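Below, all heavy atoms of this structure are taken into account, side chains as well, without hydrogens, waters or symmetry copies. Everything numeric here is computed off the predicted structure, so don't read it as measured data. The residues of the chain are indexed from 1 along the displayed sequence.
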Amino acid sequence: MRNAGFIWIVALIMSAIDFYVFQVVKMLCQPASPRTKTVVFTAYWTVSIAIIIIFILLPFMNTERWPKNLRNYLFATIVGFFFAKLLAAVFFLVDDIRRGIQWAVAKVFFRNTEGESQVNEGISRSAFLSWLGIGIGGTLISSLIYGFSNKYNYHIRRVPLEYPNLPAAFRGLKIVQISDIHSGSFDNKKAVEKGVQEVLDLKPDLILFTGDLINDRATEMEDYVDVFSRLKAPMGVFSTLGNHDYGDYVKWPAEALRDQNIEDLKAIQAKMGWRLLMNEHVVLEKQGQEIALIGIENWSAKARFPKHGKMWEAYPGAEKYPFKILMSHDPSHWDAEVRPKYSDIDLTLSGHTHGMQFGIEIPGFKWSPVKYVYDQWAGLYEEGKQKLYVNRGYGFIGYPGRVGILPEITLIELV
């Protein structure tokens with residue numbers, strides 16, 4: 001974002017979209033009174049110009065020192081208005097192309113005929129598509145604003161999983177999975193505490209956290225150590241690292257500071273009573289029977305995310321146990337390495353995608369733009385005897401809200 005050329009290119013694109021959409025606004029306001037037009041036009045350009053100016057100045061405003069609420073909501077507003085107008089512009093463009101084709105056809109086939117005048121009369125922009133574009137763009141920005149109220153609206157998903165090879169002592173085992181806490185985004189401690197209490201009320205035997213405890217810095221957990229220290233389970237609380245936990249999205253003055261940040265994060269997890277698994281496995285025992293729990297560092301099949309995970313270190317020794325659970329933050333790991341090379345890993349638990357915090361989930365239908373990046377992005381997936389569950393995330397980052405894809409607490413029961 002500090003690249004001046006990039007900033008100005010995006011600002012010009014935003015301006016072009018604003019002018020394009022404004023032509024439709026003018027057309028739709030034609031029947032209105034002069035006073036109404038003045039109010040609408042002034043409001044439109046006041047908001048549009050303000051957003052562009054803020055966008056241009058944002059990299060120079062030292063936003064890291066701003067209150068979290070202001071920073072998050074401002075970012076979401078800028079992005080929300082941009083995509084709302086962009087989406088509306090798509091509908092306007094479709095109608096412009098349709099009208100352009102009509103005009104060209106009229107010129108070629110109806111020159112100097114009555115047909116030409118009939119087509120010309122229809123050259124004005126279709127009111128239907130114009131209102132549809134405005135409506136869809138307005139719905140998008142309204143949904144994003146409404147989604148602000150959903151960021152702590154934790155949804156408990158109960159997932160029974162049946163395995164014939166599960167040792168009898170572990171049948172009925174209750175596992176709570178949480179993922180992607182992103183403590184650096186929180187602005188309501190009581191709401192976060194409420195979510196932790198919802199986990200405890202499920203009375204899990206085992207709690208598993210699949211990465212991204214922070215956004216960037218270990219210090220983001222300072223106000224929340226006491227909250228997440230409350231998470232306890234008879235068989236323990238285990239965790240892994242996600243891509244954000246490495247501090248890769250911060251420009252550190254020295255590499256040693258980044259390394260220390262990771263060590264501080266490890267110490268925080270230990271202080272909370274969590275057992276951080278770093279490319280290793282542990283054995284869970286119950287009534288004399290055993291299963292393996294494997295935890296690796298972040299490993300992604302996507303080029304822009306790191307591959308710190310080392311299955312060749314974590315797996316050896318686990319093969320002798322009849323049932324294996326793998327904690328791996330990024331779900332792309334499942335198709336890329338787990339299924340091809342470790343076909344006896346029964347259950348993989350991931351997070352990372354957040355379901356993009358935006359989408360639609362109704363019985364029988366699930367969609368989010370993130371599905372075009374990740375084949376497995378929310379919920380349960382099965383291939384042969386292997387299963388993957390992708391948690392939709394406990395917290396949020398970037399956009400301070402949830403639309404359609406609610407924050408998740410997963411209760412997995414092995415049967």
Is any side-chain N of the basic residue among Lys385 and Asp346 closer than 4.0 Å to the acidic one's carboxylate O? no
Distance under 6.0 Å and angle within 45° of ring axis: Lys302 vs Tyr374: yes
Check: Thr210/Gln177 side-chain N/O donor and acceptor closer than 3.5 Å: yes
Give me the ring orientation class for Phe358 and Trp367: parallel if the planes are under 30° apart, tilted from 30 to 60°, perpendicular past 60°. perpendicular
Donor-acceptor pair, distance only, cut-off 3.5 Å: does the side chain of Asp245 make one with the backbone of Asp212? yes
Between the side chains of Arg275 and Gln269, is a donor N or O closer than 3.5 angstrom to an acceptor N or O? no
Is a side-chain donor-acceptor pair under 3.5 Å present for His329 with Asn243? yes
Under 3.5 Å: donor-acceptor pair, side chain of Ser239, backbone of Trp274: no
Using salt bridge (charged side-chain N to carboxylate O under 4.0 Å, His left out) as the criterion, point out the one residue from Lys366, Arg157, Arg402 that pairs with Glu361. Arg157
Do the side-chain N and O atoms of Asp375 and Tyr381 include a donor-acceptor pair separated by under 3.5 angstrom? no
Verdict with reasoning, Phe22 to Trp45, per ring pair (Phe, Tyr, Trp, His ring centres under 6.0 Å): CA-CA 9 Å; Phe22 182 65; Trp45 282 115; 5.2 Å; yes
Regarding Lys85 and Ser48, is there a side-chain donor-to-acceptor distance under 3.5 Å anywhere? yes
Would Arg392 count as a cation-pi partner of Trp377, with NZ or CZ less than 6.0 Å from the six-membered ring centre and within 45° of the ring normal? no
Are the aromatic rings of His352 and Phe305 close, with centres under 6.0 Å apart? yes
Any side-chain donor-acceptor pair under 3.5 Å between Asn391 and Ser350? no
Tyr249 and His244 aromatic ring geometry - parallel, tilted or perpendicular at 30°/60° bounds: tilted
Under the ring pair (Phe, Tyr, Trp, His ring centres under 6.0 Å) rule, what do Phe186 and Tyr224 come out as? Steps first, then yes or no, please. CA-CA 9 Å; Phe186 290 151; Tyr224 293 93; 5.2 Å; yes
Rounded to the nearest 0.5 Å, what's the gap from CD1 on Ile181 to CG on Asn215? Could you check? 11.5 Å
Any side-chain donor-acceptor pair under 3.5 Å between Ser33 and Thr36? yes
All heavy atoms of Pro331 vs all of Val390, minimum pair found to be CB-CG2, 3.8 Å
Can you see whether Gln376 engages Asp335 through a side-chain donor-acceptor pair at a distance of less than 3.5 angstrom? yes
May I ask you to decide if Gly401's main-chain N or O and Gln357's side chain share a donor-acceptor pair within less than 3.5 Å? yes
Donor-acceptor pair, Arg171 side chain versus Leu166 backbone, under 3.5 Å? yes
Will you find, in the side chains of Asp344 and Tyr315, an N or O donor that is under 3.5 Å from an N or O acceptor? yes
Test side-chain contact (heavy atoms from CB on, under 4.5 Å) on Met311 and His333; report intermediate values, then the result. CA-CA 11 Å; Met311 283 294 289; His333 184 213; 3.8 Å; yes
Just checking, any donor-acceptor pair under 3.5 angstrom between side chains of Asp216 and Tyr246? no
For a quick test of reading the model, state the closest non-hydrogen atom pair linking Pro340 to Trp334 and the distance between them. CD-O, 3.9 Å
